[in-house]
Q: 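My questions will all concern the structure given below.
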Amino acid sequence: MPELPEVETTLRGIAPHFEGQTLALVQVRAPMLRQPTPQAALIQGRTLSNLRRRNKYILADTNDAHTLLLHLGMSGRIVLTPPTAPLLKHDHIILRTANGVEARLNDPRRFGLFLRIPTAQLATHPLLAAIGPEPLSPAFTGAYLHKALRGKSVAIKAAIMDGRVVAGVGNIYASESLFRAGISPLAAAASLSRRRCDALVFHIIATLTEAIAAGGSSLRDFTQASGELGYFQHSFRVYGRAGQPCPSCATPLKSKVISQRNTFWCPACQR
DNA sequence: CTGAGCACCTGAGGGC
DNA sequence: TGCCCTCAGGTGCTCA
């Protein structure tokens, strides 16, 4: 699924067409994603504002004191289409503006989410209340990370994929950032020095920023809202490259499952 | 509290 | 061509 760069790319694709726009037509074709979906009638006719991303969620306020929350799960994507385009299998949510722009959420595995939450309850909503700082915000510093890792015996890779530590870092960008920082994904989180936390924060920010600039990574499912492919997958240094030479030292890259997710690293460069 | 394991669901790709 | 197995960018529940 989309990690932070793919969600950010999706947001940037749809926001210009939906910010301030009224939803002339809403269809909720799947009654259930990860959680039950809201009735279309509650959303149709509302005007959207303040489209934004938090963690891997896309949020948009409606002019009835509610906020729509959308998550792409593992396999979700949003594509902009003309209303005349034929519906595809797994098109679960359709939002059409009065201008005739349609955004369709297509999510084969249905791990995504579409919720309608009273805006006043957003900050305390269980999905959002415990989320850590945004990695691209000033709050995400080496000092913060060093403190957040205190007492954590889990592998550093699992720690940075924990949204309570930092928002939005998923399986690909965790491996890529750790490689760039020269840190073994297996290192105990609490064992990282302050200096190494500084380096890791720097490289998480750099990796995510570059990926956003590339329009995200397109593996199986992801496309930008325009339908174009992202191209950051061509910049992966370790992800998916087990057995291939390290781009830095040519040592064969290793892979191993860490907390249920396949992880890639260079055993020579990363300590 | 933490961490590990499993579950949710569909589809793509490889081996036979 | 088809069957069976494994794997996939996420998260949230249960259990020890």
Side-chain angles (χ1 to χ4, degrees), chain A residues 1-11 29-37 53-58 69-78 88-92 105-115 125-132 135 148-178 185-191 204 207-208 210-212 214-224 229-242 255-264:
Chain A
M1 124 88 224
E3 300 186 30
L4 183 152
E6 291 72 39
V7 177
E8 182 67 27
T9 298
T10 298
L11 173 69
R29 306 181 75 233
M32 181 83 186
L33 295 173
R34 269 193 78 85
Q35 294 181 28
T37 48
R53 180 191 57 73
R54 172 71 172 119
N55 194 19
K56 296 166 191 161
Y57 301 111
I58 290 174
L69 178 152
L70 194 121
H71 189 279
L72 300 176
M74 282 284 267
S75 59
R77 64 179 125 176
I78 294 176
L88 302 177
K89 192 175 182 182
H90 308 305
D91 277 348
H92 302 311
L105 170 69
N106 186 283
D107 180 11
R109 295 175 73 180
R110 281 180 273 125
F111 289 170
L113 273 180
F114 184 57
L115 299 178
H125 192 280
L127 289 173
L128 294 167
I131 297 297
L149 298 180
R150 199 174 292 163
K152 284 198 171 290
S153 63
V154 285
I156 183 61
K157 195 235 185 187
I160 59 173
M161 288 180 65
D162 181 342
R164 295 168 299 183
V165 173
V166 57
V169 177
N171 199 39
I172 292 176
Y173 299 106
S175 280
E176 292 295 315
S177 301
L178 286 164
L186 296 161
S191 75
I204 288 172
T207 306
L208 295 177
E210 288 173 32
I212 291 168
S217 302
S218 290
L219 295 186
R220 291 156 198 79
D221 304 299
F222 180 76
T223 60
Q224 301 182 48
L229 298 177
Y231 52 89
F232 192 73
Q233 67 277 13
H234 303 301
S235 300
F236 292 168
R237 301 186 191 177
V238 293
Y239 184 83
R241 308 181 86 92
S255 71
K256 176 187 169 73
V257 174
I258 298 177
S259 52
Q260 330 301 113
R261 314 303 298 279
N262 210 355
T263 304
F264 302 87

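When reading the values below, keep in mind they use all heavy atoms of this one structure, side chains included, and skip hydrogens, waters and symmetry mates. Residue numbers begin at 1 in each chain, while the letters A, B, ... track the order of the sequences.
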Q: Atom CG in A:Asp162, atom OG in A:Ser259: separation rounded to 0.5 Å?
A: 9.5 Å
Q: Of all the nucleotides listed (B:dA4, B:dT10, C:dA8), which has the minimum atom distance to the side chain of A:Met74?
A: C:dA8
Q: Without decimals, in angstroms, what is the distance between A:Arg77 CZ and B:dT10 C1'?
A: 13 Å
Q: CG of A:Asp162 versus P of B:dC1: gap in Å, rounded?
A: 14 Å
Q: Which nucleotide in the set C:dT11, C:dA8, B:dC9 lies at the smallest distance from any side-chain heavy atom of A:Arg110?
A: B:dC9
Q: Rounded to whole Å, how long is the line connecting atom CE of A:Met161 with atom P of B:dA4?
A: 13 Å
Q: Compare all side-chain heavy atoms of A:Arg77 with those of A:Pro2 and state whether any distance is below 4.5 angstrom.
A: no
Q: Just wondering, do A:Phe111 and B:dC9 stack (centres under 5.5 Å, planes under 30°)?
A: no
Q: Who is the Watson-Crick or G-U wobble partner of B:dC9, with both distances under 3.5 Å?
A: none
Q: Tell me which of A:Ser259 and A:Arg34 sits closer to the 5' end of DNA chain B, going by the nucleotide each one is nearest to.
A: A:Ser259
Q: Might you point out which heavy atoms bring A:Phe236 and A:Leu219 nearest each other, and give the distance in Å?
A: CE1-CD2, 4.0 Å
Q: Does a nitrogen or oxygen in the side chain of A:Asn171 sit under 4.0 Å from OP1 or OP2 of C:dG10?
A: no
Q: Taking CZ from A:Arg109 and C1' from C:dT11, how many angstroms apart are they, rounded to a whole number?
A: 12 Å
Q: Nearest to the side chain of A:His71 - C:dA8, C:dG10, B:dG3?
A: C:dG10
Q: Any side-chain heavy atom of A:Asn262 sitting closer than 4.5 Å to one from A:Lys256?
A: no
Q: Rounded off to whole Å, could you give me the CG-to-P distance for the A:Leu219 and C:dC7 pair?
A: 17 Å
Q: Just to confirm, is there a sub-4.0 Å distance from OP1 or OP2 of B:dG3 to any side-chain nitrogen or oxygen of A:Ser153?
A: yes
Q: Using a cut-off of strictly less than 4.0 Å, decide whether A:Lys89 has a side-chain nitrogen or oxygen near OP1 or OP2 of B:dT10.
A: no
Q: What contact category does A:Asp107 fall into here, base, sugar-phosphate, or nothing, at under 4.0 angstrom with non-hydrogen atoms?
A: nothing
Q: Ring-plane angle category for A:Phe232 and A:Tyr173, please: parallel below 30°, perpendicular beyond 60°, tilted otherwise.
A: tilted
Q: By the 4.0 Å heavy-atom rule, please label A:Leu127 as base, sugar-phosphate, or nothing.
A: sugar-phosphate
Q: For B:dC9 and C:dC3, measure between their P atoms and round to the nearest Å.
A: 23 Å
Q: Looking at every heavy atom in both A:Thr207 and A:Glu176, which two are closest together, and how far apart are they?
A: CG2-CB, 4.0 Å
Q: I need the CZ-P distance between A:Arg53 and C:dG10, as an integer number of Å.
A: 14 Å
Q: Within this structure, what is the CG-to-P distance between A:Asn55 and C:dG10, rounded to whole angstrom?
A: 11 Å
Q: OP1 or OP2 of C:dT11 versus the side-chain N and O atoms of A:Lys56: is any pair under 4.0 Å?
A: yes
Q: Considering only side-chain heavy atoms of A:Pro108, which listed nucleotide, C:dA8, C:dG10, B:dG11, is closest?
A: B:dG11
Q: Can you tell me how far P of B:dA7 sits from CD of A:Gln35, to the nearest Å?
A: 20 Å
Q: Looking at A:His90, does any N or O in its side chain come under 4.0 Å of the phosphate oxygens OP1/OP2 on B:dG11?
A: yes
